[in-house]
There are 2 protein chains.
Amino acid sequence: MTHDTPRPRRTRRLPTTEELRIWRDFIETAEVLRSALTARLQSESSLSSGDYAVLLALSEADGHRMRSSELAAHIDWERSRLSHHLGRMERRDLIRREECAADSRGAEIVLTATGLRSFRQSTVPHLRAIRELFVDALSHDQLVAAGDLAATLRAHLAASGRQRPAPAKTG
Amino acid sequence: MTHDTPRPRRTRRLPTTEELRIWRDFIETAEVLRSALTARLQSESSLSSGDYAVLLALSEADGHRMRSSELAAHIDWERSRLSHHLGRMERRDLIRREECAADSRGAEIVLTATGLRSFRQSTVPHLRAIRELFVDALSHDQLVAAGDLAATLRAHLAASGRQRPAPAKTG
DNA sequence: CACGGCTGATTGACATGTCAATTAGTAGCT
DNA sequence: AGCTACTAATTGACATGTCAATCAGCCGTG
């Protein structure tokens, strides 16, 4: 282990035009897809995808209620993001905040009847939209490839994340 | 073309658990990727991906200047989004707005020296990050599959977009 | 040339996100 | 009890996006 052959630093190479094109196609397509789904959800249910994530979690929770921090962990959001969002959802009467008996710092987030109704009305159209815009577009092999790509990219991100202080967030 | 056999409306089926899992993995991975890239760009250059898109377009433009609406079309942004963004970029002296001689309603967006410098310093690290986080993660076949997926999904979106009033936006 | 309609761009109101600071309460230790 | 450290959640300031409304200047037509 004395003299390493100074091998070419492949890490320094830049992407080729073709690689860059694929990157842009890929990331922009995902973005367009997300935005199309969001638009449908919005127009069909007056819910944003954030609303949907929160309502989904609460609808599955015991007693339709959850501690704010649990909720944040469950849907993988920053706490302040959740706090702001809950404020907006509370104004629309989709959820309610209650004091927490066990820990008076804490808040319990409770699904309201309105919230539950909105969520229930949104699920089928939303799932249908996912099928129409994503699943139906792809052959079986392509669907498998999509899952494979996601897993591979995640693994790689996690690996390089361990070497950088990289914080990763979802939308 | 008289009597269509009332075939089963496959369109009504909902995605299976597995299909839904792949969808979520796919879209969340894209989101995480985008956010990781954005974070790197931000920390290395103090530029957002929006800034980058604008600066890239201007840097390639004739005389480093472009009409606002051309710019919007080029990077496929809504005009109001661009207007707001340009306001922020102007405050940071990355671009400047000039009156347009030919059409006095119009504005010409001009790349400043500061903007050009920022952009030039950001490109190599940014491209490198794309290679590290995306290209390097994938085998050749996977990269091809990614391009194929993007194209297929786009084509499908465009087709269904023709049947709905679907507006599609990029980030 | 006047007018009515179109176009270029900005604006305001608001939703959504991030980050840093703050507030309030719990817990461990002495 | 009193101090300190940690945790729960919110808040404020700001960046980023969307949508609808507005404002100004262009242009074809009578």
Side-chain angles (χ1 to χ4, degrees), chain A residues 31-32 34-36 38-43 46-54 66-92 94-109 165-171, chain B residues 31-32 34-36 38-43 46-54 66-92 94-109 165-171:
Chain A
E31 184 59 26
V32 172
R34 195 190 53 68
S35 122
T38 298
R40 276 226 206 172
L41 187 59
Q42 183 74 62
S43 76
S46 299
L47 294 178
S48 69
S49 54
D51 299 335
Y52 189 88
V54 169
M66 207 184 272
R67 282 290 294 275
S68 173
S69 45
E70 275 179 83
L71 179 51
H74 192 74
I75 61 182
D76 193 29
W77 280 16
E78 286 197 6
R79 315 235 309 215
S80 100
R81 175 184 178 184
L82 182 58
S83 211
H84 284 300
H85 204 95
L86 291 178
R88 293 186 295 263
M89 291 181 75
E90 193 167 29
R91 282 209 301 276
R92 293 190 291 150
L94 295 172
I95 58 106
R96 196 164 10 94
R97 285 188 242 226
E98 287 183 3
E99 286 181 14
C100 178
D103 183 338
S104 54
R105 283 169 304 187
E108 279 207 325
I109 313 304
K169 244 114 252 163
T170 308
Chain B
E31 185 58 28
V32 171
R34 196 190 52 70
S35 121
T38 298
R40 277 226 205 171
L41 187 59
Q42 182 73 63
S43 76
S46 299
L47 294 178
S48 69
S49 54
D51 299 335
Y52 189 87
V54 169
M66 206 183 273
R67 284 291 294 275
S68 175
S69 45
E70 275 179 83
L71 179 51
H74 192 73
I75 62 182
D76 193 28
W77 279 17
E78 285 198 3
R79 314 226 319 198
S80 99
R81 175 183 178 186
L82 181 59
S83 211
H84 285 301
H85 204 95
L86 290 177
R88 293 186 295 263
M89 291 181 74
E90 193 167 29
R91 283 209 300 277
R92 293 190 291 147
L94 294 172
I95 58 104
R96 198 164 10 95
R97 285 190 244 225
E98 287 183 3
E99 285 180 14
C100 179
D103 184 337
S104 53
R105 285 167 305 185
E108 279 206 326
I109 313 304
K169 245 113 249 166
T170 309

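Letters A, B, ... are given to chains in the order of the sequence lines, protein chains preceding strands, and every chain is numbered from 1.
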Are B:Ser104 and D:dA24 close enough that a side-chain N or O sits under 4.0 Å from OP1 or OP2?
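No, no such contact exists.
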Counterpart residues, salt bridge (charged side-chain N to carboxylate O under 4.0 Å, His left out), relative to B:Arg97 (two or more places apart):
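Testing B:Arg97 for salt bridge (charged side-chain N to carboxylate O under 4.0 Å, His left out), a comparison that skips the adjacent residues, returns B:Glu90.
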Only counting residues at least two apart or in another chain, list the ones meeting salt bridge (charged side-chain N to carboxylate O under 4.0 Å, His left out) with B:Arg88.
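Once residues adjacent in sequence are excluded, B:Arg88 has no partner under the salt bridge (charged side-chain N to carboxylate O under 4.0 Å, His left out) criterion.
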For a quick check, with a 4.0 angstrom heavy-atom cut-off, what is the B/S/- contact string for nucleotides 8-16 of chain D, read 5' to 3'?
BBBBBB-SB
Tell me every residue that passes side-chain hydrogen bond (donor to acceptor under 3.5 Å, both in side chains) with B:Ser68, counting only those two or more places apart in sequence or in another chain.
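Once residues adjacent in sequence are excluded, B:Ser68 has no partner under the side-chain hydrogen bond (donor to acceptor under 3.5 Å, both in side chains) criterion.
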Report the residues that fulfil side-chain hydrogen bond (donor to acceptor under 3.5 Å, both in side chains) with A:Glu98, sequence neighbours left out, ordered by chain and then residue number.
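Partners of A:Glu98 by the side-chain hydrogen bond (donor to acceptor under 3.5 Å, both in side chains) criterion, ordered by chain and then number, come out as A:Arg65, A:Arg96.
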CE of A:Met89 versus P of C:dG17: gap in Å, rounded?
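Atom CE in A:Met89 sits about 12 Å away from atom P in C:dG17.
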In whole angstroms, how far is the P atom of D:dC23 from the CD atom of B:Glu99?
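Answer to the nearest Å: 19 Å.
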Identify, with sequence neighbours excluded, every residue that meets ring-ring contact (aromatic ring centres under 6.0 Å, His included) alongside A:His85.
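Once residues adjacent in sequence are excluded, the partners of A:His85 under the ring-ring contact (aromatic ring centres under 6.0 Å, His included) criterion are A:Trp77.
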